[in-house]
Chemist: 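Sharing a structure with you now.
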Amino acid sequence: MSVNFPKIFITTACFWLLGWFWKVHVFAVHFWGGLSAPLSHGLFPQLMLDSRVAIFFYALPLLIIPLLIRLTRKKALLAAAIMCVSSLICLSHIHFFNDATFTTSFWVSIWLLWMAFNSERDDREFPQEARWLAKAMIAVIFLGGFIGKLTPTYWSGEVLHDIYFQQKDYFIYSWLRDSFSEEGVRRLATGFSRMAIIGEGLLVLGVALRYRLYALLALAVIMGMVFISTPYLFSVMSSLLGMLLAMMIGVEEK
């Protein structure tokens, strides 16, 4: 197998940036509120309550855009380091700590940093290791969600029915509520919930599959989750999608 490192890095980084700034309009409101009135919370140090810190590290990844032009190993290392630091700080800041966007962004940036360090390798183990790390990362990220859903109320669809079918204003659920009876909606909730559990289970347990098969499965499951949830979920999944796609198009099997 031959590895096209620039294609892999640039593809992943572009998806990473897309997810990072997907909800910029939402965060802008938070920033404005934090700048207008000082924030206070006993669990966060003062630095992680300062909206100026949040704005700086949220905007910092813009610096990697020019680095992607005529990418070299040094540029890739710097870009990945910026992504790692930015996502780690955002994970610790009151504006972002509860948003999984920065969790997935952090782990994918670690993977990119590893790729950059190893970019000059030409042994056949390099692409195999990169693919295994990508699959393992996806599996670990979804492991908690899979285990957490192994409950009677999730399997029956009760949780999904209450949270999504009853409370969400997303057009899919509004249409389903208007188009089906209460009993029909409950049956759909049960089906959706079981599909979500099985899908996450396949991502966790399917790491032994060949990479292309696992990647296609993961892409289908992840996009399905975005479709049945909300477009905002794309910010969480975008970097994962980029990593999976990059290792499909950037590795040539001979």
Side-chain angles (χ1 to χ4, degrees), residues 19 22-23 26 41 43-44 87 90-108 110-111 132-209 211 213-244:
W22 188 255
K23 296 186 295 190
V26 175
H41 198 293
L43 295 179
F44 290 84
S87 52
C90 287
L91 269 174
S92 308
H93 200 282
I94 195 169
H95 279 309
F96 308 116
F97 77 98
N98 64 338
D99 193 323
T101 299
F102 304 98
T103 303
T104 55
S105 296
F106 173 73
W107 287 111
V108 172
I110 291 290
W111 182 81
W132 267 105
L133 282 173
K135 290 196 298 181
M137 187 178 295
I138 297 290
V140 170
I141 286 172
F142 285 98
L143 176 61
F146 171 58
I147 294 176
K149 290 181 178 65
L150 296 179
T151 64
T153 51
Y154 256 104
W155 185 252
S156 69
E158 180 181 342
V159 174
L160 199 71
H161 176 266
D162 292 343
I163 296 176
Y164 284 83
F165 285 80
Q166 293 299 312
Q167 299 180 28
K168 275 196 178 294
D169 293 329
Y170 189 36
F171 78 94
I172 293 176
Y173 299 104
S174 298
W175 177 77
L176 290 174
R177 287 193 295 268
D178 294 338
S179 303
F180 292 87
S181 65
E182 176 60 24
E183 181 62 26
V185 169
R186 286 190 176 274
R187 289 179 180 176
L188 286 170
T190 299
F192 276 37
S193 188
R194 292 178 181 180
M195 286 173 57
I197 294 170
I198 292 169
E200 289 190 355
L202 289 173
L203 296 186
V204 173
L205 303 174
V207 289
L209 297 172
Y211 180 80
L213 179 58
Y214 181 85
L216 290 172
L217 173 66
L219 290 171
V221 171
I222 290 172
M223 289 307 299
M225 289 179 178
V226 173
F227 178 75
I228 68 171
S229 179
T230 166
Y232 286 143
L233 187 61
F234 184 76
S235 69
V236 179
M237 303 299 189
S238 183
S239 59
L240 303 178
L241 291 170
M243 180 177 65
L244 289 166

Chemist: Could you work out, with side-chain hydrogen bond (donor to acceptor under 3.5 Å, both in side chains) as the rule, every residue matching Ser179, not counting sequence neighbours?
Modeler: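 With sequence neighbours excluded, Ser179 shows a side-chain hydrogen bond (donor to acceptor under 3.5 Å, both in side chains) to Trp175, given in chain and number order.
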Chemist: Mind checking what makes ring-ring contact (aromatic ring centres under 6.0 Å, His included) contact with Trp22, not counting sequence neighbours?
Modeler: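 Expected list: Phe234.
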Chemist: Strictly distance-based, threshold 3.5 Å: is any side-chain N or O of Thr104 a donor or acceptor partner for the main-chain N or O of Val236?
Modeler: yes
Chemist: Starting at OG of Ser239, measure out to CZ of Phe102 and round the result to the nearest 0.5 Å.
Modeler: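 Between Ser239 OG and Phe102 CZ, I get 11.0 Å after rounding to 0.5 Å.
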Chemist: At their closest point, which heavy atom of Thr151 faces which heavy atom of Gly148, and how far apart are they?
Modeler: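 Shortest heavy-atom separation between Thr151 and Gly148 comes out as CG2-O, 3.7 Å.
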Chemist: Does Tyr164 have any ring-ring contact (aromatic ring centres under 6.0 Å, His included) partners at least two apart in sequence or in another chain, and if so, which?
Modeler: Tyr173
Chemist: Taking only residues two or more places apart in sequence or in another chain, which ones pass side chain to side chain contact (heavy atoms under 4.5 Å, CB included) with Val140?
Modeler: none
Chemist: Mind checking side-chain hydrogen bond (donor to acceptor under 3.5 Å, both in side chains) for Arg177 and listing every partner two or more places apart, or none if nothing turns up?
Modeler: Ser174
Chemist: At what distance, to the nearest 0.5 angstrom, does CH2 of Trp155 lie from CD1 of Ile198?
Modeler: 4.5 Å
Chemist: Output all residues satisfying ring-ring contact (aromatic ring centres under 6.0 Å, His included) with Phe44, sequence neighbours left out; order by chain, then residue number.
Modeler: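 ring-ring contact (aromatic ring centres under 6.0 Å, His included) list for Phe44, sorted by chain: His41, Phe97.
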Chemist: May I ask you to test the Tyr214-Leu202 pair for a side-chain heavy-atom distance under 4.5 Å?
Modeler: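 No. Closest side-chain heavy atoms not under 4.5 Å.
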Chemist: Once side chain to side chain contact (heavy atoms under 4.5 Å, CB included) is applied, do any residues pair with Leu150, and if so which ones, sequence neighbours excluded?
Modeler: Phe146, Ile197
Chemist: Can you list the residues that meet the side-chain hydrogen bond (donor to acceptor under 3.5 Å, both in side chains) rule with Thr101, with sequence neighbours excluded?
Modeler: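 Asp99, Ser235.
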Chemist: In a table with atom names and distances, give each donor-acceptor pair under 3.5 Å that connects a side chain of residues 215-224 to protein atoms at least two apart or in another chain.
Modeler:
none

Chemist: Are Val185 and His161 packed together at the side-chain level, in the sense that at least one heavy-atom pair is separated by less than 4.5 angstrom?
Modeler: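 SC-SC contact between Val185 and His161 confirmed.
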Chemist: Can you run down the salt bridge (Lys or Arg N to Asp or Glu O under 4.0 Å) pairs that involve residues 178-187, sequence neighbours left out, and say none if there aren't any?
Modeler: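 Qualifying pairs, neighbours excluded: Glu182-Arg186, Glu183-Arg187.
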Chemist: I'd like to check the side-chain hydrogen bond (donor to acceptor under 3.5 Å, both in side chains) partners of His95; sequence neighbours left out, ordered by chain and number.
Modeler: Ser51
Chemist: Should Ile228 and Ile172 count as side-chain neighbours, where that means a heavy-atom distance under 4.5 Å?
Modeler: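 They are not in side-chain contact.
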Chemist: Does anything in residues 147-158 pair up under salt bridge (Lys or Arg N to Asp or Glu O under 4.0 Å), and if so which pairs, sequence neighbours excluded?
Modeler: Lys149-Glu200
Chemist: Between the main-chain N or O of Tyr154 and the side-chain N or O of Ser193, is there a donor-acceptor pair closer than 3.5 Å?
Modeler: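 Checked: pair present.
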Chemist: First locate atom CG of Leu91, then atom CG of Asn98, and finally report the distance between them rounded to the nearest 0.5 Å.
Modeler: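 Leu91 CG to Asn98 CG: 10.5 Å, rounded to 0.5 Å.
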Chemist: Can you confirm whether Met137 is buried at CE, in the sense that more than 12 heavy atoms of other residues, nucleotides or ligands lie under 6.0 Å from that atom?
Modeler: yes
Chemist: How many angstroms lie between CE in Met243 and CH2 in Trp111, if you round to the nearest 0.5 Å?
Modeler: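 One finds 6.5 Å between CE of Met243 and CH2 of Trp111.
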Chemist: Does any non-hydrogen side-chain atom of Phe165 lie less than 4.5 Å from one of Leu160?
Modeler: yes
Chemist: Between Leu244 and Tyr211, what is the shortest heavy-atom contact and its length?
Modeler: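 Closest heavy-atom pair between Leu244 and Tyr211: O-OH, 2.9 Å.
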Chemist: What distance separates Ser87 OG from Trp107 CH2, expressed to the nearest 0.5 Å?
Modeler: 10.0 Å
